[in-house]
Amino acid sequence: CIDLLSLGIAEDLQVEAIKLLIAMLFKEGGAREIQSTMHEYLYNNDSELFFRQVKATIEKLIMWHKWNEALRIAEDEDPPFPVEIYLIRMLQLMSEGHYLPNQDLMRDQPNNLQSINLLECLVNYFNVISRIHCRCSTLAGIRVGATIVEVIQGPCAQNQEYFASTDILETSNRIFRRK
């Protein structure tokens, strides 16, 4: 599944791989066997294309929210999220249960030639959707916020230090003050 989440792979195949990973990772407290297998594979192999694709997908989600700013949705309708939103849940489940090795990988991939800081991507996404006032952005914000919480719990001190240097608290305050 990880190899299918790479630049150049058909988007519909990527979405199916993400859904399969979510199904395998879905366990309260963390699916340790799956999490550790993912970590071992991402850590010990060149996983730069995976992390580049994750970053590109988050950037695509950001652009979708900017383009569809303040969608009007009836109360009984579900928001029309792009299917790529599943990626956010997958990232959350990778760190579920304070799984420190994957929490650290979200920030730094020391064995790749270039490291991609996914925490920065999550902060950017959270910041953008905090400025859009609609149910769709609120639900996306809940998903992104839950993922951010998972990558700092435990505690994961280095991720906490990273977030402390961003505008995540200002963004959170914006959301809390919103009506």
Side-chain angles (χ1 to χ4, degrees), residues 1-64 82-128 140 143-169 171:
C1 288
I2 290 170
D3 285 340
L4 293 175
L5 300 178
S6 288
L7 296 172
I9 302 292
E11 288 182 13
D12 56 340
L13 185 55
Q14 288 187 43
V15 170
E16 293 305 315
I18 290 169
K19 288 179 183 178
L20 182 55
L21 284 169
I22 289 171
M24 290 188 296
L25 288 165
F26 194 81
K27 182 179 178 186
E28 185 62 35
R32 288 286 192 249
E33 187 176 337
I34 305 302
Q35 290 170 316
S36 63
T37 300
M38 289 180 77
H39 175 266
E40 184 179 314
Y41 189 79
L42 290 168
Y43 187 82
N44 293 322
N45 295 291
D46 182 6
S47 56
E48 188 175 335
L49 291 177
F50 169 84
F51 286 99
R52 284 188 181 281
Q53 182 59 45
V54 170
K55 179 181 179 181
T57 301
I58 294 172
E59 289 171 349
K60 182 178 178 179
L61 288 165
I62 290 169
M63 293 308 299
W64 183 87
V83 293
E84 289 85 2
I85 195 72
Y86 292 128
L87 175 81
I88 302 301
R89 180 70 167 143
M90 185 198 78
L91 294 175
Q92 177 188 356
L93 292 171
M94 283 177 65
S95 298
E96 179 74 28
H98 319 297
Y99 190 68
L100 185 61
N102 283 347
Q103 289 173 317
D104 285 336
L105 276 179
M106 298 295 162
R107 182 192 67 259
D108 181 41
Q109 305 87 45
N111 293 336
N112 288 350
L113 288 176
Q114 183 174 2
S115 190
I116 312 270
N117 187 344
L118 297 180
L119 303 181
E120 179 182 2
C121 300
L122 292 172
V123 168
N124 291 339
Y125 191 14
F126 201 53
N127 189 10
V128 167
R143 291 175 183 198
V144 174
T147 302
I148 290 171
V149 166
E150 274 308 323
V151 299
I152 63 172
Q153 285 183 331
C156 182
Q158 290 180 311
N159 286 357
Q160 291 173 352
E161 288 174 17
Y162 173 79
F163 281 120
S165 69
T166 70
D167 64 349
I168 192 77
L169 293 177
T171 301

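Sequential numbering from 1 along the given sequence is applied to the chain's residues. Hydrogens, waters and symmetry mates are skipped; everything else that's a heavy atom, side chains included, is used.
- Closest approach of M90 to L25, counting heavy atoms only: O-CD1, 4.0 Å.
- Heavy-atom contacts from other residues, nucleotides or ligands closer than 6.0 Å to CD of E40 number 12 or fewer.
- Within a 6.0 Å sphere centred on CD of E59, heavy atoms belonging to other residues, nucleotides or ligands number more than 12.
- Across all non-hydrogen atoms, the minimal contact from N102 to Q35 is ND2-O, 3.3 Å.
- Between T57 and Q53, the side chains place a donor N or O and an acceptor N or O closer than 3.5 Å (distance only, hydrogens not considered).
- Side-chain atoms of N111 never come within 3.5 Å of backbone atoms of N44 as a donor-acceptor pair (strictly under, hydrogens ignored).
- Between I22 and Y86, the shortest heavy-atom distance links the atoms CD1-O, 3.3 Å.
- Considering V15, T147, I58, L21 as possible partners of L87, the one that fulfils the side chain to side chain contact (heavy atoms under 4.5 Å, CB included) test is I58.
- A pairwise comparison of heavy atoms in L61 and P82 identifies CD2-CG, 3.5 Å as the closest pair.
- Residue-environment remark: CD (Q114) exceeds the threshold of 12 foreign heavy atoms within 6.0 Å.
- Looking at every heavy atom in both residues, P110 comes nearest to Y43 through CG-CE1, 3.5 Å.
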Which donor-acceptor pairs under 3.5 Å do the side chains of residues 91-100 make with protein atoms, sequence neighbours left out?
| residue | atom | partner | partner atom | Å |
| --- | --- | --- | --- | --- |
| Q92 | OE1 | R89 | NH1 | 3.1 |
| H98 | ND1 | G154 | N | 3.4 |

